[in-house]
Amino acid sequence: LVAVLFPALGAALVLAESMPLARRAAAALAIVTAAGALALTAAPWDRKMMTSGTFFMPGTYLDEKGGLVLREKLKETRLVFYGEGVTTTPSVAILSDINKAFFNDGKIEGATALDGMRLQRLLGHLPMLLAPNEAKTALNIGLGSGITVGAMGTHPVARLDCAEIEPIVLGAARQFDKETFSILDRPGLRMIFNDGRNHLMLGGERYDAISSAPFAPLVGGAASLYTLEHFRLVRSRLAPGGMATQFLPLYQLSPTDYLSIMRTFAEVFPDATVWFTGLETILVGGDAPQRFDFQTLAARISDPRVAESLRAIGLDDPMRLLSTYCFRVSDVADDLKDIPMNTDDRPRIEFSAPRNHLVNTVRENLAWLAARRRSPRPFIDMPRNWDGADPRHAQMEARLTTLLAAQNLTIEGRLKVLQGELEQGINLLEKAVSIDTADIYARDLAARNLVTLAEHLYGQGREDEAVAAYERS
């Protein structure tokens, strides 16, 4: 409002040049006084409304019949941080389901729900756990909630850099100190307030591990962090034997766009692998074909702080972690051969991804992924001191087979739910839990979908069945 009134003041003074000085001064004073009075009496912006992200996720604020429930939802939301930066307006809110979420301009970029935690923590852990040599230096691109760099910080890395373009995001990350293990206070952490790509281009440092968790590809300007040239920059900053991880969502990307980013990454990292976290996948690349040394992996996971971080997402078991492996990108080369790449000169994702903003692309992308999943067994190196007759070989083989079966059922169950077959999806998820009773992810999915089923049944007047579904959850 003040921004409108001051130009009006200028225009009034220009038009009144012929007026006596005293009258012009009086007119100016009147306009400034009016602006001040309006500024003092005008209602403040509704910050919860401003950061609700209705434009990004309108379905969240509609009931089953399409009725608007925005006000009701906002009453159940508690805003715990709000900041206005130069490049973004970050906020943190406790949502109605006790899920704490980090928003950038109203779009959720990180949350404490299990899906979100699996993604954020694995982005940080995988390059540290899978690298052949223990990482001494690491870089995280994009602070966000801080959970990814917090996961990296649980490892004994001497120097940990984090590139973040917007300084005010630190205040948002502070709201996640519990989930990040107070990473912002960790000795050895260096915050670099710069665009991540600029830092890679100008910094000159080499890292043993690089994790990239930028905005989702459909966000304006984010596509430059998913191009061939960016991935080449990442590789050029990896030390020999270093590993890099890249966030790749299954949502808001058409199948062609999803595969385009995968192919572009694999053009730079030919031996890249793909890992499943829930609604997202993670690309992992390095300078050599990846092998998984079981003894090294188990030793790294046994570190108390690393174990605590992974335990919270149900992946502190080396074999369960390996069961989230999907395939090497070279395994799906036939699917990718005709897919266009995303480059600086032809940043196709910048223009195509927004078209799928409100389209449920997870169903197609997850179905494609599920049909191509493979076992990591050919790439797992068991301890060298186990001879061929050691019974632990058979035990580990059997355990991996069991965990892969449970993981496949979890993916199939989630796919059924996404396809609208809620009860069949729940049955598959409960079967996954029965196979691997320690799988908290499958258990969480089953419970949440049982609550949804109970709500549907109650709405249909089937109260006894609704109560039974609630009890199962």
Side-chain angles (χ1 to χ4, degrees), residues 44-58 60-61 70 73-74 76-113 115-117 119-121 123-124 139-153 161-186 189-199 211-225 247 249 251-252 280 354 357:
W45 288 353
D46 185 336
R47 290 180 170 183
K48 281 203 286 189
M49 180 71 77
M50 291 282 291
T51 58
S52 62
T54 52
F55 61 97
F56 249 107
M57 42 186 185
T60 304
Y61 302 104
L70 175 60
K73 288 280 187 180
L74 292 183
E76 299 171 352
T77 299
R78 182 161 60 92
L79 194 65
V80 295
F81 176 85
Y82 173 89
E84 294 184 8
V86 175
T87 62
T88 186
T89 300
S91 61
V92 178
I94 309 294
L95 306 181
S96 56
D97 59 358
I98 319 299
N99 174 25
K100 183 165 52 177
F102 166 70
F103 295 80
N104 253 326
D105 291 334
K107 183 183 184 302
I108 291 182
E109 297 289 353
T112 57
D115 260 326
M117 291 296 288
L119 167 69
Q120 293 168 98
R121 285 198 169 157
L123 271 169
L139 169 69
N140 174 233
I141 298 176
L143 174 64
S145 67
I147 293 171
T148 294
V149 70
M152 299 179 95
D161 290 351
C162 182
E164 170 55 55
I165 196 170
E166 180 52 71
I168 203 168
V169 169
L170 262 71
R174 273 290 179 198
Q175 311 306 313
F176 295 88
D177 273 352
K178 178 182 176 183
E179 292 81 11
T180 67
F181 303 94
S182 298
I183 184 62
L184 295 177
D185 300 321
R186 183 191 190 276
L189 175 70
R190 181 175 65 152
M191 287 301 307
I192 300 165
F193 295 113
N194 192 1
D195 172 76
R197 183 161 171 174
N198 284 346
H199 172 65
S211 177
S212 186
F215 295 137
L218 88 162
V219 175
S224 65
L225 294 176
F247 158 64
Y251 47 81
Q252 295 171 331
E280 298 91 359
H357 172 199

Gap between atom [atom2] of [Y] and atom [atom1] of [X] - 0.5 Å precision:
| X | Y | atom1 | atom2 | result |
| --- | --- | --- | --- | --- |
| E280 | L123 | CD | CG | 8.5 Å |
| R186 | M152 | CZ | CE | 10.5 Å |
| I165 | N198 | CD1 | CG | 7.5 Å |
| T112 | N99 | OG1 | CG | 4.5 Å |
| M191 | L170 | CE | CG | 5.0 Å |
| C162 | I192 | SG | CD1 | 8.0 Å |

Got a sec, which residues hit salt bridge (Lys or Arg N to Asp or Glu O under 4.0 Å) with [X], two or more places apart in sequence or on another chain?
| X | value |
| --- | --- |
| R190 | D161, E205 |
| E164 | none |
| D195 | none |

side-chain contact (heavy atoms from CB on, under 4.5 Å) with [X]: which residues, sequence neighbours excluded?
| X | value |
| --- | --- |
| L79 | R47, K48, T51, Y82, S91, A93 |
| A172 | F81, P90, V92, F102 |
| M57 | T60, Y61, F103, I108 |
| S182 | D177, D185 |

Decide yes or no on side chain to side chain contact (heavy atoms under 4.5 Å, CB included) for V80 and R78, but give the supporting numbers first. CA-CA 6 Å; V80 295; R78 182 161 60 92; 3.6 Å; yes
Nearest heavy-atom contact between L184 and A173 is CD1-CB, 4.2 Å
Nearest atoms (heavy-atom pairs only) where I183 meets G146: CG2-O, 4.0 Å
What residues form a side chain to side chain donor-acceptor pair (under 3.5 Å) with [X], not counting sequence neighbours?
| X | answer |
| --- | --- |
| Q175 | none |
| T88 | N104, D105 |
| Q252 | none |
| T148 | none |

R121/E179 salt bridge by N-O under 4.0 Å criterion: no
Given side chains that start at C-beta, do those of K107 and L218 come closer than 4.5 Å, heavy atoms only? yes
Given side chain to side chain contact (heavy atoms under 4.5 Å, CB included), test V149 with L189 step by step and report yes or no. CA-CA 9 Å; V149 70; L189 175 70; 4.2 Å; yes
Do the side-chain N and O atoms of E166 and T87 include a donor-acceptor pair separated by under 3.5 angstrom? yes
Passes side chain to side chain contact (heavy atoms under 4.5 Å, CB included), L95 versus K100? Steps please. CA-CA 6 Å; L95 306 181; K100 183 165 52 177; over 6 Å; no
Atom NZ of K73 with >12 non-hydrogen neighbours under 6.0 angstrom: no
Between Q120 and S145, does the side chain to side chain donor-acceptor pair (under 3.5 Å) criterion hold? Intermediate values first, please. CA-CA 9 Å; Q120 293 168 98; S145 67; 2.7 Å; yes
